[in-house]
Amino acid sequence: MSKRQIGVIPGDGIGPEITKSMIDILEAVGFEADWVYLEGGLGAVEKGLPSMPDETLARIKELGIAIKGPTTTPVGKGHKSANVALRQALDLFANVRPAKTMPGVHGHFEGTNIDLIIVRENTEDLYAGIEYQAHPDVAQAIKVITRPGCERLIRYAFEMTKKQQRKRITAVHKANIMKLTDGMFLEEFYKMAALYPEIKADDIIVDNCCMQLVTKPEQFDVFVTENLYGDIVSDLCAGLVGGLGLAPSANIGAHCAVFESVHGSAPDIAGKGIANPSALILSAVMMLRHLGEYEKGQRIQNAVLAVCEEGKFTTGDLGGKASTSEFTAEVIRIATS
Ligand code: NAI
Ligand code: MG
């Protein structure tokens, strides 16, 4: 049988270093793939290409799956964000971010068992980019929510909840104020909930949700929400479990899925061999689950958790002294023992 082809965008800064670590670990546990390396980010721009070249997009469309390192976007000038281009071109409508307590990672909620997933809409809402200024002193932005947009996102969230045998899904909204837009989102949520009687479905207003998250985060299971609330709430959740350094994500579309770490290209530590590859490794674990490779994914996840908990081979961001390759070697040792 020929090997499965998977697109890889190593990206910028620490991207290539953590990508190597991630692929070494996947191969060590016996996951075989034909890695199709693709251009994207500042590296592509420096070669005179767009930040997300058409060829890269076409290849991912063909392959249906890719994993991506972080890409650098200059602030306020220069090229369009490679990520925005990727999400738009491939219509990656759902952004999925788990937030789970990591043993050995210090923070305000050490000892609390947080294990939640945020499913965020990724293409609509105030991020549709429709802004105008009809008067020098008045600027407006339009919030776009469509019924099909709600439906596909919410369906994905319920299916994921069911597949992962989770018990509860909570819609996050502000429908008390935005009665038409968020009202439509909520209406579609409860329509879908009726098709999944085994899952407990409820809803919460976004401000109360934030308050509950910083007081009693362990009560939640799965969130489904619009773009803007999801952007903010998912960073909040990453903060609850030790920050962006460990946070993985998946971008899901009807025909493609792209997995990536939540953190950026960390130019301040690039090339030093000290980056923590955990977020990209855990993104690869999400990819393995997406491909039905549950056992290999679980083995890798357990090994990453064990290395973090033990603390002897953690990288500098977690208070350790290990290099990226020392951390990687220890994950491989545990995952294959
Ligand atoms: P950043 O996440 O790259 O870095 C923030 C801080 O966290 C830095 O001190 C960095 O050293 C540290 N850090 C991040 N990841 C780490 C890791 N794996 N191991 C150890 N330390 C780590 O965020 P920043 O500085 O705001 O952005 C840098 C560049 O990354 C920008 O060009 C930005 O546009 C881009 N970016 C790209 C993303 C993507 O491709 N998905 C996401 C976020 C930012
Ligand atoms: Mg954000």
Side-chain angles (χ1 to χ4, degrees), residues 7-22 25 38-46 50-53 56-57 60 66-90 92 95-97 102 104-107 120 122 127 230-232 234-235 238-239 241-252 257-287 304 307-308 313-328 331:
V8 183
I9 303 174
D12 305 309
I14 60 171
E17 305 164 43
I18 60 177
T19 299
K20 181 182 181 314
S21 156
M22 178 271 297
I25 291 169
L38 301 167
E39 301 270 7
L42 192 59
V45 173
E46 283 166 359
S51 64
M52 194 41 70
T56 299
L57 293 170
I60 298 176
I67 187 153
K68 175 185 165 296
T71 44
T72 299
T73 312
V75 177
K77 61 176 166 68
H79 64 275
K80 180 175 174 176
S81 156
N83 291 315
V84 173
L86 189 69
R87 283 172 204 164
Q88 285 176 351
L90 302 178
L92 301 171
N95 182 251
V96 183
R97 282 214 217 164
M102 301 275 281
V105 176
H106 307 296
R120 161 190 171 189
N122 223 4
Y127 292 40
D231 191 358
I232 297 166
S234 60
D235 272 25
V241 295
L244 296 178
L246 295 167
S249 79
N251 293 290
I252 307 284
V258 178
F259 299 82
E260 65 176 332
S261 57
V262 168
H263 64 71
S265 56
D268 51 332
I269 58 164
K272 296 187 177 157
I274 57 170
N276 182 356
S278 298
L280 190 65
I281 298 168
L282 295 173
S283 305
V285 168
M286 292 179 83
M287 178 176 81
V304 171
V307 177
C308 289
F313 291 93
T314 50
T315 46
D317 57 309
L318 295 182
K321 287 194 175 69
S323 66
T324 309
S325 54
E326 286 163 341
F327 176 87
T328 305
V331 171

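Indexing begins at 1, ligand by ligand and atom by atom, following the structure's order.
Checked against a 3.5 angstrom limit, the closest N/O atoms of Gly264 and ligand 1 fall inside it. In terms of polar-atom proximity, defined here as any N/O pair under 3.5 Å, Thr71 does make such a contact with ligand 1.
At a threshold of 4.5 Å between non-hydrogen side-chain atoms, the residues Leu282 and Met102 count as touching. The shortest distance between side-chain heavy atoms of Ser51 and Thr73 does not fall below 4.5 Å. Taking 4.5 Å as the limit, every side-chain heavy atom of Leu318 sits out of range of all side-chain heavy atoms of Phe327. Residues Met22 and Pro277 fail the side-chain proximity criterion, which asks for heavy atoms closer than 4.5 Å. At a threshold of 4.5 Å between non-hydrogen side-chain atoms, the residues Ile274 and Thr315 do not count as touching.
Counting heavy atoms under 4.0 Å from ligand 1, residue Val262 touches it through the backbone alone. At a heavy-atom cutoff of 4.0 Å, ligand 1 is contacted by no atom of Ala279, backbone or side chain. Under 4.0 Å from ligand 1, the heavy atoms of Asn83 that appear belong solely to its side chain. For Thr72, heavy-atom contacts with ligand 1 shorter than 4.0 Å involve the backbone as well as the side chain.
Counting the atoms of ligand 1 from 1 in the order shown, those under 4.0 Å from a heavy atom of Glu260 are 41 (N). The distance from ligand 1 to the heavy atoms of Asn276 drops below 4.0 Å at these ligand atoms: 17 (C), 18 (N), 19 (N), 20 (C). The ligand atoms of ligand 1 that sit less than 4.0 angstrom from a heavy atom of Pro267 are 28 (C). Near Thr73, with a cut-off below 4.0 Å to any heavy atom, the atoms of ligand 1 are 32 (O), 34 (O). Below 4.0 Å from some heavy atom of Asp317 lie the following atoms of ligand 1, by number and element: 20 (C). Applying the 4.0 Å criterion to heavy atoms of Ile269 picks out, from ligand 1, the atoms 11 (O), 20 (C), 21 (N).
Residue Ala266 holds the heavy atom nearest to atom 14 (C) of ligand 1 of all those in Ser278, Gly41, Ala266, Ala82. When Ala275, Ser265, Gly15 are checked for heavy-atom proximity to atom 29 (C) of ligand 1, Ser265 turns out nearest.
No heavy atom of Ile18 sits closer than 4.0 Å to any atom of ligand 1.
Across every non-hydrogen atom of Pro53 and Gly40, the tightest pair is CD-CA, 4.2 Å. For the residue pair Asp12 and Leu42, the shortest heavy atom distance occurs at OD2-N, 2.7 Å. Minimum heavy-atom separation, Thr72 to Ser265: OG1-OG, 2.7 Å. Nearest heavy atom pair, residue Glu17 against residue Thr324, reads O-CG2, 4.4 Å. Scanning all heavy atoms of the two residues, the minimum distance from Leu38 to Pro10 falls at O-CD, 3.6 Å.
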